[in-house]
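Working notes, beginning with the structure itself.
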2 protein chains.
Amino acid sequence: MAETAEDAEDFKPDSDASTSATSKKRNAFSELMAPKPKSAKPESGSTPSYHGTKTKPKEKSWRGNLLPYIQNPESFPKAVIRVTKDTVLIQDQYPKATIHLLLLPRSPKHYDLHPKEAFKDEAFISMMKEEAASAAKLAASELSRKISRFSASDKARNEAMESLASEAEMPPGRDYLSEIRVGTHAHPSMRHLHVHIISRDMHSDCVKHRKHYNSFNTSFFVSLADQPLADGDDRLSTSFQNANLEKDFVCWRCGKEFRKDKFADLKRHLDVEFELWKKE
Amino acid sequence: MAETAEDAEDFKPDSDASTSATSKKRNAFSELMAPKPKSAKPESGSTPSYHGTKTKPKEKSWRGNLLPYIQNPESFPKAVIRVTKDTVLIQDQYPKATIHLLLLPRSPKHYDLHPKEAFKDEAFISMMKEEAASAAKLAASELSRKISRFSASDKARNEAMESLASEAEMPPGRDYLSEIRVGTHAHPSMRHLHVHIISRDMHSDCVKHRKHYNSFNTSFFVSLADQPLADGDDRLSTSFQNANLEKDFVCWRCGKEFRKDKFADLKRHLDVEFELWKKE
DNA sequence: GAATCATAAC
DNA sequence: GAATCATAAC
Ligand SMILES: Nc1ncnc2c1ncn2[C@@H]1O[C@H](COP(=O)(O)O)[C@@H](O)[C@H]1O
Ligand SMILES: Nc1ncnc2c1ncn2[C@@H]1O[C@H](COP(=O)(O)O)[C@@H](O)[C@H]1O
Ligand SMILES: [Zn+2]
Ligand SMILES: [Zn+2]
């Protein structure tokens, strides 16, 4: 999420476009959540320059770090999950939950717009909702792959699976899709339009500070289903959103509250919740 | 480890004596590495007070947080692994590796001394080495319990185990004891004498900054076997030890170096090494 | 020792 | 956005 409304920015060169925050295996789809170690930089001059003139501060270059995935998805086989006519689906490089993907529209006409502007385009929001729905199904099945073995509600189904039962006679099993959330941050930090496809758990080493948690667990997180937002929607208020990031914490699972200066306590609580949640 | 040599300290009350940094199960021995959620404070006035007079700055009270384990081990059933005539063995509350225990001597005559002083006592160092050797075996067997299923060198042995072979016909298996290190920090932060019993991996969420890594992976970590140190041993030099904490990183497993301002890179590398190491 | 907060520099 | 470094306050 962006630092805090209307910030003036310096012109700074950027470092690497794609280092990873986690490790283990490598392999885009099958290893859905495993980030990557180093990897390529954007190939060409992907960041326009305005420096020299007085007013306009040059945009920080790291804000453009999602563009290479759009322009050159084949260069990021570990990160890119799917490319369709209209979108690129990637692994978030600093996943804030067990599953965390980003859906990027390929249309230059839209990818440079702020979500609230882009989603006014009816055909565009409609396309994005469809692509996101399909991405969410993918995320759900990957979540299932990761935690089904701990799941009580999947027990019967998994046993039927073992005994090679046919789909028709298999009990339904856990609804993983309901654990996947789809939406944008009210104040994105990364320039190119992206929709988060994320599991609810917030169990990740990459959740390191208050804003990480609150940006996904307050109204700062805007469901794609709510787009386009009506004029006057609270969520369009900058001060409202800045305040959301500074709020006390509320556990996504049980509603327990933690003072905003008790992030470490929240983290320990999330660890416990994660274990229980897997077992649901 | 201590902040940096000879520091002047303010008089401050302490908060909680025993919160935990990890989560999951609870159960001292069987769940060797699982820390604890809250737990008791020291019962009585365990911290002496000198305030009032001019020079001596009152010791920070958190430095006394290991004392309750010694004075009242039965109050910490999740943390305390073993109590013998001479020592208390506990889980480190912020484990810096897969296995991380602390061995605390019970003798008030020794537990307040700096390691370099205490270990001059021949009977004492001898006792501590024996207790530590036994604690290390315990740590090794717990390490085995945690990672043996990934281990190539344990494969044959584990299969023999499955088929209920007798110990005599079982292949030897991995030497976990060689993965356990035993020693003290050159400048401990916690007041009461404690010996670290720690697996080599440094794979832990609690390893959060440079000093965490370097205090266990430079000469700042003093093997118990090297005690008592000879007069004139480099490791008794404060400036030498302060410098150790500020050094570039060296991977414990492959020797790869990382600039000291690349801690995040080191962490990613340690994640990779951990996966490979488990599979040895 | 752990943890929160603020601040550069990428 | 991530990451390093310094600084209180416990
Ligand atoms: N180079 C990158 N590749 C992939 N994801 C990234 C990269 N840099 C940042 N991110 C993620 O992009 C998201 C941007 O968040 P926001 O702009 O607040 O919606 C965060 O979830 C980051 O973890
Ligand atoms: N309350 C506590 N209970 C158990 N271990 C602790 C506690 N506080 C700190 N520690 C550990 O004690 C060790 C002290 O390190 P040092 O004084 O540098 O040898 C570190 O490994 C800490 O994680
Ligand atoms: Zn909860
Ligand atoms: Zn290495």
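Proteins get letters first, then strands, A, B, ... in listed order; numbering begins at 1 in each. Because only heavy atoms are used, hydrogens play no part in the values below, and waters and symmetry mates are left out as well, while side chains stay in.
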Original post:
Quick one: is dC10(C) close enough that its OP1 or OP2 comes under 4.0 Å of any side-chain N or O from Arg63(A)?
Top reply: no
Subject >> Each stem that DNA chain D is part of, given as range with range (3 or more consecutive Watson-Crick or G-U pairs, under 3.5 Å) >> reply: none
Original post:
At under 4.0 Å between heavy atoms, what does His212(B) touch on the DNA or RNA strands: base, sugar-phosphate, or nothing?
Top reply: sugar-phosphate
Subject >> Results of salt bridge (Lys or Arg N to Asp or Glu O under 4.0 Å) for Glu257(B) - residues two or more places apart only >> reply: none
Original post:
Can you name the one residue among Lys262(A), Lys267(A), Arg268(A) that meets salt bridge (charged side-chain N to carboxylate O under 4.0 Å, His left out) with Asp265(A)?
Top reply: Arg268(A)
Original post:
For the residue pair Thr184(A) and His196(A), what are the closest heavy atoms and their distance?
Top reply: CA-CD2, 4.3 Å
Subject >> Side chain of Lys96(A) (C-beta onward), nearest among dA3(C), dA2(D), dA3(D) >> reply: dA2(D)
Original post:
Just to confirm, is there a sub-4.0 Å distance from OP1 or OP2 of dA2(D) to any side-chain nitrogen or oxygen of Lys262(B)?
Top reply: no
**OP:** Using the six-membered ring wherever Trp is involved, compare the ring planes of Phe216(A) and His100(A) and label them parallel, tilted or perpendicular (cut-offs 30° and 60°).
**Re:** perpendicular
Original post:
Of the candidate nucleotides dC5(D), dA3(D), dT4(C), which contains the atom at the shortest distance from the side chain of Lys208(A)?
Top reply: dA3(D)
Subject >> Check: His194(B) ring centroid to Tyr69(B) ring centroid under 6.0 Å >> reply: no
Original post:
What nucleotide among dT4(D), dA3(C), dT4(C) has an atom nearest to a side-chain atom of Asp261(A)?
Top reply: dT4(C)
Original post:
Reckon Arg259(A) has a side-chain N or O less than 4.0 Å from the OP1 or OP2 of dT4(C)?
Top reply: no
Subject >> Listed partners of Ser215(B) passing side-chain contact (heavy atoms from CB on, under 4.5 Å), at least two apart >> reply: Met1(B), His185(B), Phe220(B), Leu245(B)
